[in-house]
Q: 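A single structure is presented below for examination.
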Amino acid sequence: MIHLQSCDIAVIGAGAAGLAAAAETAAAGRSTIVIDREELPGGILRQCIHNGFGLTYFKEELTGPEYACRITGLARQAGAELRLGCAVISAVRNADGTFELTLLSAADGVTKLTARALILAMGCRERNRGNLAIPGTRPAGIYTAGAAQKLLNLEGVLPGRRAVIVGSGDIGLIMARRFRWSGIEVEAVIEIMRHPSGLPRNIAQCLNDFGIPLHLEHSVIEIGGRERVEYVDVAPLSDGVPQLERKFRILCDTVLFSVGLIPENELSAELGVELNPATGGAVVDCDCQTSVPGVFAGGNVLHVHDLVDFVSAEAAAAGRAALRYLDGQPAAAKNPVRAGANLKYAIPNYFSPARTTEFSFRPLILSNDATLTAELNGETVWKRRLRHIRPAEMLKAQLPGDLLQQDGELVFNLIQEEVQHA
Amino acid sequence: MFTYDVAVIGAGVSGASTAYQLGHYHVSAILLEKCADVGFGVSKANSGIIHGGFHHPVSSLKAKLEIRGNFMFDKLQYELDFPFRRNGILVVAFSEEEMATVRKLYEQGVANGVRNLEMCGRDRLLRLEPKLNAEVIGGFFAPSGGTIEPYRYVFSLVEAAVRNGVNLHCDFKVEQCENDGEAWLLTAADGRRVRARYVVNAAGLYADEISRLSGAEEFTIHARKGEEYLLDRNSKARPERVIFPVPTKHSKGVLVIPTAEGTTMIGPTADPADDKEDTSTSSDHMARIVALVRQMVDGISVRDVITSFAGLRPVLDSEDFYIAPSEKVPRFIQVAGIQSPGLTASPAIGEYVKDLLKESGLTLTEKKDYQYDLPRHREVRHESLEALDRLHAENPAWTHLVCRCEKISEAEIVEAVRKGHRTLDGVKFYTRAGMGRCQGGFCSARIMQIISRESGIPLEELTKKGGDSRLLAGRLGELPVQTEMEAGK
């Protein structure tokens, strides 16, 4: 028998985002069901056994599993129901504005769940070797950093003995240290950009403290090995072109890819949610509401964050907005927000006059002196001088509602005083 | 020592199809495969096209078997239940010069006896395939062409053969092949031996080596590499038909292939490879392939590429198939040079080899009790919700999804392992788990656990594709750890 169920709010994903959103909606008395494919809640935090989480959201330093426990506790205590080991195989919007999710799980078989609002909190997946079309053979020993982390931290097995890490994203850096602590050699980290894509603290604590070389502006030009990885060939880049005459070989049995994350928006697309090519996530208003009324998004499914605390905070805001939607409050106004000079994107994509709004940006430049400005209809209404700007670090700015009194277009620019090109 | 009637060397499409044919008769047969699983050589990395019978002149053995093979697929699919669609092939031209070649191909197809070929103007083409670049000027349509999942087809052929009494040895790399006057004695690298009266040499890229080992004809198989790129199943550029450019001398060109499983593939290239194991890919090909196919379907984007792979075509100097009894040694059938359209021809190759065995003196009596229907292959992604609900009542593993991208359940993975697929790639090719956009990033660890649980092989012994392709290097805690103090400056 196909189970039929309904709730006020269905949250897809029980990670740092989904659980934070559910804690808000359930605490307000709205029936909330959080769905996740994994058997345990917490998402990717479960495998992040290092510390450094929770400093802003919980005001103390936690490991990933501790953060997962805390945020799960918040959602459960608030009364949210967690549906684990459960996959959403389809999501459609009904004619009456409600949503029907089709769920599959070993516990319940097939369930049709009707919800009045949806919160998308699916997080992201890792870009992999295939996305980059890195040349060479396809032997065993090629993993994404997150997959290797799962094998090591959750399964207790060693993915290899001698590794090269491609990409200097945070997960890759964390894994370099984790490998060393497990007795796995880390020969090098290879980064195509001129600057690392991970946080400076991770460069210091995960590479420098262990003497692991970081080759900036280098590219892997070949992966070699028949059955298991045997080597990678690496070449320096000049204007993005590998200098083959200066290529060198690094012997290894494992290659880890830490080359970026892609928000998982396949279900969003199925629902008809408009996506933003700059982020890979949904286009949202200042309430994290997507182009489909009643569908909200927060956390890494919306745009890739540096810190889990911001993921939870953003999704909690999406949860509060979903409550206002269920209370029948009108949707926020949709005045366009644009990313101008030196910014990859600005989120949210719309502002509402007189609403105090926190914006997030991803800079395209590295600078120690630049000014972030906000222009409303061509007139600068806000600016702030920033001393430390790295593409690896998200920028945030809260604009008070009294500065945004009129309708129109809001453009953010990052104006460089003295700049090194990214 | 038991003496088989027939040993087939190589479990690719040709060997598997031969084994499938032999399963219909009262003969004892064994299929020998050097890899850890069947179809792991040439057949695995294939464009999966069922060709339309117009690329080669009918005077070639290739074209004869291609046309006959194409006809045989409907019945085979009905019996064996592998993914196959006759979605039709379009050959498209963007200039008058290309149109001239298109006309020649059309005429060749008609002369070859292919039915329902249709010359098309621009409007007809765009109606048949709206994703085509609007600058197309004409072409032709071969409705009998289509796409197939080649590895699934090989698995099905082998399953049918095994169900009907054919034996299968994997990891059996033939290193000696001696004729003692009555039969052939085949010795594997690990010392296992098989004795058989007849040998079928369907060893793909290594058919030349097997021939030499056996004292049969001297010839050389060249490897011609083809690289393919796989696009996300959500790619908006996915066409309905297989789209061919006008072919060149050595290759049918770079195609846009809507696979039988709903993804899109672009490729292949055609470059000579010195090494028969060189299935490496190169980055400059991706840009070139994407540029080539964008001339035909302009919506294709590099952003949609989820993975790439390369396969090797076994090519003889003649460029034709070589399927014949050896003239130098007795009871030895050569099946060599099976490059494109080998997949299309393969059902007919099996039948042809069976006839050659008969002509060479093998007695073939048809079985009255041939087991036709394989148990249906159930896949969550193709089942209705009501059916899934019933499956769940039988076994909750049916509604436990392991591979999120391709929607593969635990039950499907367990079935694959129980059928003998014990490598990560074997399970992947059997079930599709790990073939989607995350390329196994989320599910590999889970799949490895299931393989280990079902097969009893410890996790750290599992391989990607057999041999030394070990996925892991032991348990956490086994390696000595340098302290930070020692490691630092």
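Reminder, nothing fancy here: chain letters follow the sequence lines and each chain counts from 1. Everything quoted here is computed from the prediction, not taken from an experiment.
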Q: With a 4.5 angstrom heavy-atom cut-off, which part of B:Ala411 approaches chain A: side chain, backbone, both or neither?
A: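 No part of B:Ala411 comes within 4.5 Å of chain A.
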Q: Look at B:Gly440, B:Ala397, B:Gly467 and state which one has the largest set of heavy-atom pairs under 4.5 Å with chain A.
A: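 Top option by heavy-atom pairs under 4.5 Å: B:Gly467.
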Q: Which atom names give the shortest non-hydrogen contact between A:Ala87 and B:Leu401, and what distance separates them?
A: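 Closest pair (atom of A:Ala87, atom of B:Leu401, distance): CB-CD1, 3.8 Å.
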Q: Would you indicate whether the side-chain heavy atoms of A:Trp181 and B:Leu476 approach each other to under 4.5 Å?
A: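 Not in contact.
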Q: Which region of A:Asn128, side chain (C-beta onward) or backbone (N, CA, C, O), has a non-hydrogen atom less than 4.5 Å from a non-hydrogen atom of chain B, or is it both or neither?
A: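 Just the side chain, heavy atoms under 4.5 Å.
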Q: When only pairs under 4.5 Å are counted, which of B:Thr281, B:Thr307, B:Leu388, B:Leu479 shares the most heavy-atom pairs with chain A?
A: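 Between B:Thr281, B:Thr307, B:Leu388, B:Leu479, the count favours B:Thr281.
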Q: Heavy-atom distance under 4.5 Å to chain A: side chain of B:Arg390, backbone, both or neither?
A: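 B:Arg390 has no heavy atom closer than 4.5 Å to chain A.
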Q: Below 4.5 Å, heavy-atom pairs only: which of A:Cys86, A:Ser105, A:Gly141, A:Ala147 has the largest tally toward chain B?
A: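 Counting heavy-atom pairs under 4.5 Å, the top option is A:Ser105.
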Q: Salt bridge (Lys or Arg N to Asp or Glu O under 4.0 Å), that's the test. Do B:Asp275 and A:Arg226 meet it? Break it down for me.
A: CA-CA 12 Å; B:Asp275 178 347; A:Arg226 281 273 143 83; 2.5 Å; yes
Q: What residue, out of A:Leu104, A:Leu151, A:Leu158, A:Asp108, has the most heavy-atom pairs lying under 4.5 Å from chain B?
A: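 The option with the most such pairs is A:Leu158.
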Q: For chain A, find which of B:Glu410, B:Glu227, B:His285, B:Gln449 contributes the most heavy-atom pairs closer than 4.5 angstrom.
A: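 Highest number of heavy-atom pairs under 4.5 Å: B:Gln449.
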Q: Should B:Leu385 and A:Ile89 count as side-chain neighbours, where that means a heavy-atom distance under 4.5 Å?
A: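 A side-chain contact exists here, since the closest heavy-atom pair is under 4.5 Å.
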Q: Please report the C-alpha distance between B:Glu478 and A:Arg161 in whole Å, then the side-chain angles of each, then the deciding distance to 0.1 Å, and finally whether the side-chain contact (heavy atoms from CB on, under 4.5 Å) criterion is met.
A: CA-CA 11 Å; B:Glu478 280 178 10; A:Arg161 299 202 163 205; 4.1 Å; yes
Q: Taking all atoms of both residues into account, what is the closest heavy-atom pair of B:Val481 and A:Gly183, and its distance?
A: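 Heavy atoms only, the tightest pair is CG2-N, 3.7 Å.
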Q: If every non-hydrogen atom of A:Gly130 is compared with every non-hydrogen atom of B:Val305, which pair is closest and at what distance?
A: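 Residues A:Gly130 and B:Val305, closest heavy atoms: O-CG1, 3.8 Å.
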Q: Checking B:Val380 against chain A: side chain, backbone, both or neither under 4.5 Å from a heavy atom?
A: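 For B:Val380, side-chain heavy atoms alone lie under 4.5 Å from chain A.
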Q: Once rounded to the nearest 0.5 Å, what's the spacing between atom CD1 of A:Ile223 and atom OG of B:Ser280?
A: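 That separation rounds to 11.0 Å.
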Q: Side chain, backbone, both or neither: which part of A:Glu38 has a heavy atom under 4.5 Å from chain B?
A: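 Side chain only.
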Q: Which heavy atom in A:Cys124 sits nearest to a heavy atom in B:Phe442, and how many Å separate them?
A: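 Minimum heavy-atom contact is O-CZ, 3.6 Å.
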Q: I need the residue from A:Arg129, A:Glu126, A:Arg125, A:Glu155 with the largest number of non-hydrogen atom pairs under 4.5 Å to chain B.
A: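 Top option by heavy-atom pairs under 4.5 Å: A:Arg125.
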Q: Let me know if A:Thr254 has heavy atoms under 4.5 Å from chain B in its side chain, its backbone, both or neither.
A: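 Neither part.
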Q: I'd like to verify something: which residue of B:Gly474, B:Ser308, B:Ser282 has the highest number of heavy-atom pairs under 4.5 Å with chain A?
A: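 Winner by heavy-atom pair count: B:Gly474.
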Q: Using heavy-atom distances under 4.5 Å, tell me whether B:Asn234 contacts chain A through its side chain, its backbone, both, or neither.
A: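 B:Asn234 touches chain A through side-chain heavy atoms alone.
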Q: Between chain A and each of B:Arg404, B:Arg470, B:Arg381, B:Glu277, count heavy-atom pairs under 4.5 Å; write down the option with the most.
A: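 Highest number of heavy-atom pairs under 4.5 Å: B:Arg404.
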Q: Answer yes or no: are there more than 12 heavy-atom neighbours, outside A:Lys247 itself, under 6.0 Å from its atom NZ?
A: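 No, NZ of A:Lys247 has 12 or fewer neighbouring heavy atoms, counting only those of other groups under 6.0 Å.
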Q: Contact between B:Arg233 and A:Glu266 at the side-chain level, heavy atoms closer than 4.5 Å - yes or no?
A: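 Sidechains of A:Glu266 and B:Arg233: no contact.
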Q: Hey, mind stepping through B:His400 and A:Glu39 against side-chain contact (heavy atoms from CB on, under 4.5 Å) and telling me if it holds?
A: CA-CA 10 Å; B:His400 176 213; A:Glu39 309 293 330; 3.5 Å; yes
Q: I need the residue from B:Gln439, B:Arg303, B:Met286 with the largest number of non-hydrogen atom pairs under 4.5 Å to chain A.
A: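 It is B:Gln439.
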Q: For A:Leu154, is it the side chain, the backbone, both or neither that has a heavy atom under 4.5 Å from a heavy atom of chain B?
A: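 Neither part.
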Q: As an exercise: rank A:Arg228, A:Lys150, A:Met1, A:Arg138 by heavy-atom pairs under 4.5 Å with chain B and give me the winner.
A: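 The residue among A:Arg228, A:Lys150, A:Met1, A:Arg138 with the greatest pair count is A:Arg138.
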Q: Examine whether an atom of A:Tyr143 lies under 4.5 Å from a heavy atom of chain B, and if so say whether it belongs to the side chain, the backbone or both; otherwise answer neither.
A: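 Looking at A:Tyr143, just its side chain touches chain B.
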Q: At a 4.5 Å cut-off on heavy atoms, which part of A:Ala107 comes close to chain B: side chain, backbone, both, or neither?
A: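 Contact with chain B: backbone only.
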Q: Within a radius of less than 6.0 Å around CG of B:Asp190, do more than 12 heavy atoms belonging to other residues, nucleotides or ligands occur?
A: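 Buried by this count: over 12 neighbours within 6.0 Å.
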Q: For A:Ile192, does the CD1 atom have more than 12 heavy-atom neighbours from other residues, nucleotides or ligands under 6.0 Å away?
A: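 Open.
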Q: So which of A:Glu264, A:Arg177, A:Lys112, A:His3 has the biggest tally of heavy-atom pairs under 4.5 Å with chain B?
A: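 When all of A:Glu264, A:Arg177, A:Lys112, A:His3 are compared, A:Glu264 has the most.
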